[in-house]
Amino acid sequence: MRSEGRVIPEMHEKPAAEWCAMRPLFHPSLVNGRYGDPTVYVETLFETHSVLFDLGEIASLSPRRIQRIDQIFVSHAHIDHFVGFDHLLRSLVGRKKTVHLYGPVGFAERVYHKLQAYRWNLVESYRSDLVFVVSELETPNSISTRQFRLKRAFAAEPSVSKTTLNGVLCDERTCRVSAAILEHRTPCLGFALQEAAHVNIWKNRLSERGLPVGPWLRWLKKAVVEGRADDFLIRTDGAATSDGRLERLGSLRDLLTVTAGQKIAYVTDVADTPANRAAIVALVQNADILFIEAAFAGADAALARERAHLTTTAAGVIAREANVRRVEPFHFSPRYAGEQERMLAEVMTAFQGSHA
């Protein structure tokens with residue numbers, strides 16, 4: 001039986017005596033392990049939506065997990081990074097759903113041709129519409145978006161261009177996703193998912209105020225992250241229909257501490273060039289977890305250059321220079337089957353070069 005991905009351990013641990021028990025917002029997993037098609041599934045705590053980085057084979061994901069996906073960030077359209085689109089499409093047809101996809105220049109046309117490979121002459125029988133909103137990062141400051149609807153047989157709608165800044169693909173109140181345009185003898189995107197802020201609750205202060213630990217703390221954290229005003233009311237038992245106590249947000253701020261949000265970065269299929277290295281380091285700086293390809297062993301640097309990929313050593317050095325907290329290497333070449341421990345050791349040796 002295939003698993004639904006390799007879950008990455010929690011990174012943010014606080015002393016139990018000080019903080020309320022809490023988990024990081026983002027929970028990423030390698031769907032196909034370190035050798036399979038590149039795909040990282042990111043669940044968002046307390047939310048009903050999930051994110052994918054790359055769209056390789058996703059047959060091991062349950063239908064429930066696939067139906068939660070609403071944002072997909074595709075580095076480039078090589079088959080091992082995009083073959084899962086058909087499985088996604090098959091899983092979602094017949095459901096009311098909007099999925100946002102992001103990729104490099106030319107990506108929308110490739111999505112269109114995927115969709116047009118099938119006949120949609122019976123779409124009027126479907127009650128629910130499936131919509132793909134496809135955006136291309138044309139330059140670091142320009143995005144082009146096109147929409148495809150099941151009810152219109154996935155005909156290409158006119159594209160709309162907008163200005164962005166420094167590769168920001170989407171910027172919401174709780175998180176932001178940025179991209180860097182890298183080179184793999186074709187434009188290839190690296191991504192960084194950044195939580196707006198991380199809110200920690202002081203357990204001892206709750207106790208001192210006679211306030212309970214419960215679901216209402218989720219709404220308190222959400223109000224803080226969204227920048228609500230001090231007069232915003234929070235029901236401290238979390239039940240919207242009860243006669244529970246209402247408190248002004250301003251009077252509850254002493255219960256919490258706001259720190260820098262969690263950051264997850266994803267980089268794969270890039271040539272080891274000075275320009276790529278500089279762009280990657282800038283994008284993934286201080287990430288909590290960096291998923292980075294390490295396709296070839298350090299001794300095979302010439303082969304890595306020929307194939308426009310990174311080695312284990314390069315991956316580790318880049319992670320160290322970017323000051324990331326944890327490096328998760330993947331996309332190992334099948335030529336190293338059975339040598340996972342060696343590949344991991346090479347990455348970690350380079351990563352810990354100045355950390356030891």
Trainee: Are more than 12 heavy atoms from other residues, nucleotides or ligands located less than 6.0 Å from atom CZ of R253?
Mentor: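 Yes, CZ of R253 has more than 12 neighbouring heavy atoms, counting only those of other groups under 6.0 Å.
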Trainee: Does V31 offer a backbone N or O that forms a donor-acceptor pair with the side chain of S29 under 3.5 Å?
Mentor: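 Side chain of S29 to backbone of V31, a donor-acceptor pair under 3.5 Å: no, none is there.
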Trainee: Below 6.0 angstrom between ring centroids: does that apply to Y112 and F107?
Mentor: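 Between F107 and Y112, which both carry aromatic rings, the centre distance is not below 6.0 Å.
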Trainee: Are any of the side-chain nitrogens in R152 or D129 under 4.0 Å away from the carboxylate oxygens of its partner?
Mentor: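 The answer is no: the pair does not qualify as a salt bridge.
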Trainee: Please list, chain by chain and in numerical order, all residues satisfying salt bridge (Lys or Arg N to Asp or Glu O under 4.0 Å) with K114, sequence neighbours excluded.
Mentor: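 Partners of K114 by the salt bridge (Lys or Arg N to Asp or Glu O under 4.0 Å) criterion, ordered by chain and then number, come out as D86.
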Trainee: Would you say CD of E109 has more than 12 non-hydrogen atoms from neighbouring residues, nucleotides or ligands within 6.0 angstrom?
Mentor: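 No, the 6.0 Å shell around CD holds no more than 12 heavy atoms from other groups.
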Trainee: Can you name the residues that form a ring pair (Phe, Tyr, Trp, His ring centres under 6.0 Å) with Y35, not counting sequence neighbours?
Mentor: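 Ring pair (Phe, Tyr, Trp, His ring centres under 6.0 Å) check on Y35 returns F332.
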Trainee: Not counting sequence neighbours, which residues clear side-chain contact (heavy atoms from CB on, under 4.5 Å) with S159? List them please.
Mentor: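 S159 satisfies side-chain contact (heavy atoms from CB on, under 4.5 Å) with S144, R146 once adjacent residues are dropped.
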Trainee: Using a strict threshold of under 4.0 Å (side-chain N to carboxylate O), is an ion pair present between K263 and D288?
Mentor: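 Here D288 does not pair with K263 in a salt bridge, since their nearest N and O are not under 4.0 Å apart.
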Trainee: Measure the spacing between CG of L52 and CG of L101 and express it to the nearest 0.5 Å.
Mentor: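 Between L52 CG and L101 CG, I get 9.0 Å after rounding to 0.5 Å.
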Trainee: For the pair F53 and Y102, evaluate ring-ring contact (aromatic ring centres under 6.0 Å, His included) and give the outcome as yes or no after the intermediate values.
Mentor: CA-CA 10 Å; F53 289 114; Y102 301 84; over 10 Å; no
Trainee: Using the side chain to side chain contact (heavy atoms under 4.5 Å, CB included) definition, which of the options V270, N276, I280 pairs with I318?
Mentor: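 The passing option is I280.
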Trainee: My understanding is that only residues two or more places apart in sequence, or in another chain, count here; which of them pass side chain to side chain donor-acceptor pair (under 3.5 Å) with R209?
Mentor: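 R209 satisfies side chain to side chain donor-acceptor pair (under 3.5 Å) with D254 once adjacent residues are dropped.
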Trainee: Is there a side-chain contact between L115 and L89 in this structure, where contact means two heavy atoms from C-beta onward sitting under 4.5 Å apart?
Mentor: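 Of all side-chain heavy-atom pairs linking L89 with L115, at least one is under 4.5 Å.
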Trainee: Charged N to carboxylate O below 4.0 Å: is that the case for R235 and E247?
Mentor: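 Between E247 and R235 there is no salt bridge, as every charged N stays at least 4.0 Å from the carboxylate O atoms.
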Trainee: Does R342, at its CZ atom, have more than 12 non-hydrogen atoms belonging to other residues, nucleotides or ligands within less than 6.0 Å?
Mentor: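 Yes, because the 6.0 Å sphere around CZ of R342 holds more than 12 heavy atoms from other groups.
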Trainee: What class does the angle between the rings of F132 and F154 fall in, given that below 30° is parallel, 30 to 60° is tilted and above 60° is perpendicular?
Mentor: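 Tilted: the ring planes of F132 and F154 meet at 30° to 60°.
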Trainee: Okay, side chain of T236, backbone of R245: is any donor-acceptor separation there less than 3.5 Å?
Mentor: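 Such a contact is found between T236 side chain and R245 backbone.
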Trainee: Answer yes or no: is there a donor N or O on one side and an acceptor on the other, between the side chain of S251 and the main chain of R248, under 3.5 Å?
Mentor: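 Pair found, side chain donor or acceptor close to backbone of R248.
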Trainee: With a 4.5 Å cut-off on side-chain heavy-atom distances among I, L, V, M, F, W and Y, is there a chain of contacts connecting F330 to M343?
Mentor: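 In one cluster with F330: M343, no.
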Trainee: Starting from V327, can I reach V281 by hopping between I/L/V/M/F/W/Y residues whose side chains sit under 4.5 Å apart?
Mentor: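 Yes, V281 and V327 fall within the same hydrophobic cluster.
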Trainee: Considering residues at least two apart in sequence or located in another chain, which fulfil the ring pair (Phe, Tyr, Trp, His ring centres under 6.0 Å) criterion with F26?
Mentor: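 F26: no ring pair (Phe, Tyr, Trp, His ring centres under 6.0 Å) contacts found.
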Trainee: On the 0 to 90° scale, with breaks at 30° and 60°, tag the Y118-W120 ring pair as parallel, tilted or perpendicular.
Mentor: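 Because their plane-to-plane angle is over 60°, the rings of Y118 and W120 count as perpendicular.
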Trainee: Determine the sole option in L211, L256, L252 for which the side chain to side chain contact (heavy atoms under 4.5 Å, CB included) test with L206 is passed.
Mentor: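 Only one of L211, L256, L252 forms a side chain to side chain contact (heavy atoms under 4.5 Å, CB included) with L206, namely L211.
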Trainee: Do V133 and V111 land in one hydrophobic cluster if side-chain heavy atoms of ILVMFWY residues count as linked below 4.5 Å?
Mentor: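 In one cluster with V133: V111, no.
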Trainee: Identify every side-chain donor-acceptor pair in residues 177-191 under 3.5 Å, counting partners at least two apart or on other chains, and give the distances.
Mentor:
{"residue": "E183", "atom": "OE2", "partner": "R185", "partner atom": "N", "Å": "2.4"}
{"residue": "H184", "atom": "ND1", "partner": "D269", "partner atom": "O", "Å": "3.3"}
{"residue": "H184", "atom": "ND1", "partner": "A308", "partner atom": "O", "Å": "2.8"}
{"residue": "H184", "atom": "NE2", "partner": "D269", "partner atom": "OD2", "Å": "3.4"}
{"residue": "R185", "atom": "NH1", "partner": "E306", "partner atom": "O", "Å": "2.7"}
{"residue": "R185", "atom": "NH2", "partner": "R305", "partner atom": "O", "Å": "3.0"}
{"residue": "R185", "atom": "NH2", "partner": "E306", "partner atom": "O", "Å": "3.1"}

Trainee: Could you tell me whether the side chain of T164 and the main chain of G167 form a donor-acceptor pair under 3.5 Å?
Mentor: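 Not at all, since once roles are kept as given, no pair shorter than 3.5 Å links the two residues.
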Trainee: Looking at CD1 of I234 and CH2 of W219, how far apart are the two atoms once the value is rounded to the nearest 0.5 Å?
Mentor: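 Nearest 0.5 Å value for the CD1-CH2 distance: 10.0 Å.
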Trainee: May I ask you to decide if the ring planes of H81 and H331 are parallel, tilted or perpendicular, using 30° and 60° as cut-offs?
Mentor: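 Answer is perpendicular, since the angle exceeds 60°.
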Trainee: Can you find a side-chain donor-acceptor pair between Q71 and H49 that sits under 3.5 Å?
Mentor: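 Side chains of Q71 and H49: no pair found under 3.5 Å.
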Trainee: Would you confirm whether E43, through its side chain, and S50, through its main-chain N or O, come within 3.5 Å as a donor-acceptor pair?
Mentor: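 A pair under 3.5 Å: no.
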Trainee: Can you tell me if Q262 uses its side chain to pair, donor with acceptor, with the backbone of I289 under 3.5 Å?
Mentor: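 No, Q262 side chain to I289 backbone: no donor-acceptor pair under 3.5 Å.
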Trainee: Once you round to the nearest 0.5 Å, how far does OG1 of T312 lie from CE of M348?
Mentor: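 Separation between the atoms: 12.0 Å.
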Trainee: Report whether F148 and V99 are members of the same hydrophobic cluster (ILVMFWY, side-chain heavy atoms less than 4.5 Å apart, transitive linking).
Mentor: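 F148 clusters together with V99.
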Trainee: Carefully, step by step, assess R320 and V317 under the rule side chain to side chain contact (heavy atoms under 4.5 Å, CB included).
Mentor: CA-CA 5 Å; R320 186 179 77 234; V317 169; 4.1 Å; yes
Trainee: Is the CZ atom of R110 crowded by more than 12 outside heavy atoms at less than 6.0 Å?
Mentor: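 It does not: R110 CZ has 12 such atoms or fewer within range.
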Trainee: Give a yes or no on whether a salt bridge exists between R176 and E195, defined as a side-chain N under 4.0 angstrom from a carboxylate O.
Mentor: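 No salt bridge links R176 with E195.
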Trainee: Just wondering, more than 12 heavy atoms not from K97 lying within 6.0 Å of its NZ?
Mentor: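 More than 12 within 6.0 Å, yes.
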Trainee: Do L303 and V347 share a hydrophobic cluster (ILVMFWY, side-chain heavy atoms under 4.5 Å, transitive)?
Mentor: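 No; V347 is not reachable from L303 via cluster members.
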